[in-house]
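In the text below, chain A, chain B and the rest are named by the order of the sequence lines, each starting its count at 1. These numbers come from a predicted model, not from an experiment.
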Amino acid sequence: MLRYLGNRLWQSALTLLLASVVVFGGVRALPGDPATTMAGEEADPATVAAVRAELGLDQPLVVQYGKFLTSALTGDFGDSVRTGTPVADLIGATLPVTVQLALYAMAIAVLLGTTGGVLAAVFRGRWPEWAANAFSLTALSVPTFWLGILAVLYLAVHLGWFPASGYVSPLDDPLRGLHHLTLPALILGLAHSAVVQRQTRGSMVGTLTADFVRTARAKGLGGRAVVFRYGLRNSLVVVVTVVGLELGGLIGGAVVTERIFTLPGVGKLTLDAVFTRDYPVVQAVVLVITGAYIVINLLVDVLYTLIDPRIRVSGGTR
Amino acid sequence: MTTTPAPADEAAGPLLHIENLHVAFGGNPAVRGADLTVAPGERVAVVGQSGSGKSTLAHAVMGLLPGSARITDGTIRLAGEDITHAPEKRLRDLRGRVVGLVPQDPMTNLNPVAKVGRQVAETLRTHGLADRRTAAARAVELLAQAGLPEPERRARQYPHELSGGQRQRVLIAIGLACRPHLLIADEPTSALDVTVQQQILDHLQTLTDELGTALLLITHDLGLAAERADRVLVMSQGEVAESGPARRVLTDPAHEYTRRLVAAAPSLRAEFRPRTPAPAAEPLLQVEGVTKEYRLKRGAAPFKAVDGVSFTVARGRTTAVVGESGSGKTTTARMVLGLLPPTGGAITLDGTPVAGPGAVRGSGRRAVRRAMQPVFQDPYASLDPMFTVEQLIAEPLTVFGVGDAAARRSRVTDLLDQVALPADTAHRHPNELSGGQRQRVAIARALALSPSLVVCDEPVSALDVLVQQQVLTLLRTLQDDLGVSYLFISHDLAVVREVAHEVVVMKEGRVVEQGAVEKVLGAPEHPYTRKLSGAVPGATVGVS
């Protein structure tokens, strides 16, 4: 198991390195020039050149990459071209917001999704399945922005149950922090719960018709034990896979949701950075998101081995 | 807690009494007016082919009918209690405790994510026969009784760490855990090798004898039924065709259907249907010292799946390779077909080196492929469901660019005729055909290019016995007419006896005995061959 983990970590580092090359090259392939952006559209070529030299953009790409990599390894992603703030600070301020939102939304998605999926699978062809399907279809097809706006209008402005926007750090006030995040997390979670539900249902239907479930019933096991201990337990690999993929996507920035609820998260930061060709910020954000994906993937793989003994790696703990 | 029906108190009455039972899937009847009684401690076998309704009957007793199946008429009484439409709660109380089940396929009937000890203990705990601590210890005892070696260690393992035979023992331990009055064994050994099958059945018999448990044995194998049961019930198309004492049904079948079953069961036929010895022919396929190694771990000695195997297939004759799972027979067939490169040794077809030193490549290789065609075990998986029968059979012709479209169509018509399928089959899809018809299509496809050798890998083991016999007869006829050679891979000695001229017996990658079929199967020299022949169910009740 330890050797497996060691191998995986080594692979992860390599993936991250490759990602850094792609990110670095990709950002520079974007049309537009940060020096022009900074100096202003009207600036004379000399000023633009001066700005470019100051940013180090006049040096060969390899040199630029080397500098980027060595400082990135020490946690220094440079300063934002737009605001001059260190990028590490920008990310440090926005990432916790997004991570909280993503985890909260995912918790809601898992709760709603597995419940709906289990109900749909157990009551196949009866009303709970139709209700669950109608729910997931709606959640999937209604765009987040529209649902978000509706939620702000009715639940926040009209009924006043939740704040319409803003962010409170849970370090300052955990309850208010949670309260502020509930509405955006619910909106995000709803859309993702549909995917979780569909996958859970599909997998559960397969499991519940499996031979070993019939054998379990032949032992005299009751409905609940069969559904949860046999059905859901054997469907968890699918659920974990979906949750892992979706969570990665969420950390990549719930751009629309963050915009609607004016949350100072990574999504907003990325959007602003891309529009202003803020190379250092874009690079750092993409790299951090890649890192998050890799970590989540690693966790998912480790979870697999805990859930399903057949996936346990050879030479593992026996 | 509800009271248990106590069969001891009802000594006069039968333990299980089924009267005029009708079960239907939607509108389609699966069981039609079946009657069956099992006395306490009695062993009754229900015999039938797939679709005969035998498993449905068993599931109806357990109250475990799948999805759309419903009991439409009749009664099921268990120790006097009418359980035909008993509520789920009552059935749950009876299942496992009064009626146990040993299901068919050990590979799919255990929960893959739970340790086997727990799966046995679960049964005891569900019925309140043990608490958490005692259940674990009792589970180990039960596994030991079921004949699982090292039960303490095994109890802590997961199903995938156990072999098929070991898993079946776990399922037996589960079925007998609560000492039920009736044990339903639904094809308990049909997924296992014959020698393992025999051990498991012996053990099942001893255990049910000791516990006084009645046994309802569901099987497709008439020989096995006759050997293991006091009474036999033959089912056909949802109806009970015949029932009576095991030996009587076998030796003096009253019903036409039973007579056909007895006649078709290869293991029951006393007389050989020896192949007309073809005139001593020169060898077509030569396999010399072929070896296949797999490196499982770095540094460790390689695993030899096939170890120095040599044999020949003569022109126009059949050589059978027999062995149990893991014997290397299928690996050998795959190497002959060129689907797997051998680690060592040489294979030549008609003088052309196919594998080993100097093996042909390119166009020579293509010619060899054309001369060798396969027929696989599972006719449900080996035909592309998107193709029509005509497209399936014509595909090899298209691949090798034989003839134009019209010529290929007429070749397909000829081939369908040769395998005794009606011409209109050409435009149907595999899902519209039965298993036997599909295997005929697979044979027609193999013959399309007029190969000199057809490699048949377990071609009849997925088929019912009556269909099995038809396909074997077809293979024999085709050989007599076309002079094609067969390399016939099988686990079933009785089947081999029907088709082969020469037999090669393999065990753990090596050849233990080989020679003419009458000699090897008639007077086996190697103990393993003797063990294999002895283990064939029905061997001891041979009809004279």
Greatest number of heavy atom pairs closer than 4.5 Å to chain A - which of B:H59, B:R156, B:E122: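 When all of B:H59, B:R156, B:E122 are compared, B:E122 has the most.
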Among B:I184, B:V99, B:L64, B:I174, residue most engaged with chain A (heavy-atom pairs, under 4.5 Å):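 Between B:I184, B:V99, B:L64, B:I174, the count favours B:L64.
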Contact class of B:L171 relative to chain A, heavy atoms under 4.5 angstrom: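 Looking at B:L171, just its side chain touches chain A.
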Contacting moiety of B:R118, where chain A heavy atoms sit under 4.5 Å: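 For B:R118, the contact with chain A is made by the side chain alone.
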Interface moiety of A:A218 toward chain B, non-hydrogen atoms closer than 4.5 Å: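 Both parts, backbone and side chain.
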Rounded distance (nearest 0.5 Å) linking atom CZ of B:R125 with atom CG of A:L221: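 So the gap between those two atoms works out to 10.5 Å.
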Inter-chain contacts: residues 101-114 of chain B against chain A, heavy atoms under 4.5 Å: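 Interface residues of residues 101-114 of chain B: B:L101, B:P103, B:T108, B:N109, B:L110, B:N111, B:P112, B:V113.
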Positions in residues 135-144 of chain A that reach chain B, provided some heavy atom is under 4.5 Å away: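 Residues of residues 135-144 of chain A touching chain B at under 4.5 Å: none.
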Proximity of residues 225-237 of chain A to chain B, residues having a non-hydrogen atom under 4.5 angstrom: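 Within residues 225-237 of chain A, the residues under 4.5 Å from chain B are A:R229, A:Y230, A:R233, A:N234.
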Set of side chain to side chain contact (heavy atoms under 4.5 Å, CB included) partners for A:T114, sequence neighbours left out: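 By the side chain to side chain contact (heavy atoms under 4.5 Å, CB included) rule, A:T114 matches A:V110, A:V196, A:T200, A:V239.
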Side chains of B:M62 and A:R217 in contact at under 4.5 Å (non-hydrogen atoms):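 A side-chain contact is absent here, since even the closest heavy-atom pair is not under 4.5 Å.
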Atom CD of B:E88: over 12 foreign heavy atoms under 6.0 Å: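 More than 12 heavy atoms, drawn from other residues, nucleotides or ligands, come within 6.0 Å of this atom.
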